[in-house]
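Below: the structure, in structure tokens.
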Amino acid sequence: MVNLETALTDRGRPESKRFTFRAPSSALVALSGAGIDVASMANNHGLDYGAEGLSDTLAARREAPLGVVGIGATAADALAPFRTTINGWRISVIAATDVLDGPLEARWAATGSQPGVASAKRSADLEAAVSAARAESDTVVVVLHWGVEGASCPTERQRDLARALTTAGADVIVGSHAHRLQGAGRLGGAFVAYGLGNFAFSASSPGAAATGVLRLSVAGRRVVSYEWVPAHIVGAAPQPLQGDSAARALSAWHGLRTCTGLDP
């Protein structure tokens with residue numbers, strides 16, 4: 001599972017914002033070929049190229065060789081989970097963004113009649129979607145775009161939202177947006193990773209270059225074990241670490257938990 005921060009289009013006009021990204025629909029084929037099963041587009045770049053870009057993105061989603069969540073023709077569509085069954089366990093993945101750039105929120109957030117991204121700011125709708133998935137799933141995973149860029153600790157808003165979503169039935173919550181790693185651990189019976197940092201992305205500082213892959217072993221609602229596989233971004237691509245470098249990076253990752261309120 002990855003967070004994909006781009007519009008999937010070669011049309012449209014860039015929104016009036018500092019950074020805008022777009023890629024061809026073949027990006028989804030490339031992700032699938034790389035072994036990705038699910039991509040979240042619930043973030044602050046999914047609609048970077050306006051209505052035309054969104055139309056193309058939704059068309060690409062319909063033909064995608066992998067699951068695409070967090071964006072849709074309506075709010076219900078954007079919050080609809082990706083579902084799969086692995087070794088008999090029914091898994092649902094839901095995505096939403098708590099980061100929508102200022103005045104763009106009204107135009108970007110999916111509603112009952114407007115296409116767009118799933119908004120975590122409409123927390124009641126997100127919690128309802130999680131509860132609905134809980135009723136027909138063994139494991140519910142929520143992917144969130146949240147927090148403050150450059151921050152290595154979660155905000156109170158992140159912590160509050162994590163608690164609300166675990167109460168609604170989430171078993172795993174995984175976040176992004178800060179461009180930095182943030183702490184991870186157990187929240188009651190659930191597992192929360194507040195921020196996985198960058199991955200396939202340029203990195204201008206050591207903090208931005210710290211990355212890795214989160215591996216979870218889950219049996220129904222029980223997160224049996226978790227593992228962080230550390231890496232370092234070189235030339236916009238993650239390179240796995242080994243030996244002493246990997247040990248230091250792993251220790252630093254565990255140390256990020258101190259400001260999260262999470263348990264090991």
Side-chain angles (χ1 to χ4, degrees), residues 1 3 38 40 42-44 69-70 75-76 78-83 89-100 105 109-110 117-197 214-228 253-264:
M1 182 185 69
N3 168 51
V38 190
S40 168
N43 52 61
N44 56 319
V69 291
L79 284 168
F82 167 81
R83 295 185 176 92
W89 297 106
R90 300 166 300 165
I91 300 171
S92 291
V93 181
I94 295 171
T97 180
D98 203 42
V99 182
L100 289 171
E105 180 181 353
V117 293
S119 174
K121 295 180 182 294
R122 305 176 185 197
S123 55
D125 291 343
L126 176 57
E127 291 171 38
V130 171
S131 295
R134 169 80 279 139
E136 55 188 16
S137 309
D138 298 301
T139 306
V140 177
V141 180
V142 181
V143 185
L144 291 173
H145 209 66
W146 58 357
V148 176
E149 290 192 13
S152 58
C153 290
T155 64
E156 193 60 35
R157 162 66 177 169
Q158 286 174 273
R159 295 175 66 170
D160 288 345
L161 187 54
R163 286 189 289 266
L165 292 175
T166 57
T167 298
D171 304 305
V172 176
I173 299 173
V174 181
S176 60
H177 177 65
H179 296 279
R180 296 292 187 278
L181 296 178
Q182 295 184 334
R186 297 181 186 274
L187 181 61
F191 181 85
V192 178
Y194 278 111
L196 300 189
L214 178 65
R215 290 176 173 166
L216 301 178
S217 177
V218 181
R221 302 211 64 180
R222 185 167 66 96
V223 178
V224 178
S225 63
Y226 63 91
E227 177 188 13
W228 179 248
W253 183 76
H254 282 292
L256 292 170
R257 188 182 304 116
T258 58
C259 63
T260 65
L262 302 173
D263 296 319

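Along the sequence shown, the residues carry numbers beginning at 1.
Looking at every heavy atom in both residues, R221 comes nearest to T139 through N-OG1, 4.5 Å. Here the closest non-hydrogen pair linking L100 and T97 is CD2-CG2, 3.9 Å. Of all the heavy atoms in V218 and G220, the pair that sits closest is CG1-O, 3.1 Å. Taking every heavy atom of both residues into account, L79 and A96 meet most closely at CD2-CB, 4.5 Å. Nearest heavy-atom pair, Y226 versus R186, reported as atom, atom and distance to 0.1 Å: CD2-NH2, 4.0 Å. In plain terms, the two heavy atoms of G175 and W146 that are nearest each other are CA-NE1, 3.4 Å.
Taking CG from L256 and CG from L181, the interatomic distance works out to 6.5 Å, rounded to the nearest 0.5 Å. Of the inter-residue distances, the one linking D98 atom CG with R157 atom CZ reads 4.0 Å to the nearest 0.5 angstrom. Atom CZ in R257 sits 8.5 Å away from atom CG in D263 (nearest 0.5 Å). Note: L196 CG to L214 CG = 6.0 Å, rounded to the nearest 0.5 Å.
Taking the six-membered ring where the residue is Trp, W253 and W228 present parallel rings, their angle staying beneath 30° rather than reaching 60°.
A 6.0 Å sphere centred on CZ of R222 holds no more than 12 heavy atoms belonging to other residues, nucleotides or ligands.
Taking 4.0 Å as the cut-off between side-chain N and carboxylate O, D160 and R163 count as a salt-bridged pair.
Of the listed residues (V130, V143, L165, L144), just one forms a side-chain contact (heavy atoms from CB on, under 4.5 Å) with I94, and that residue is V130.
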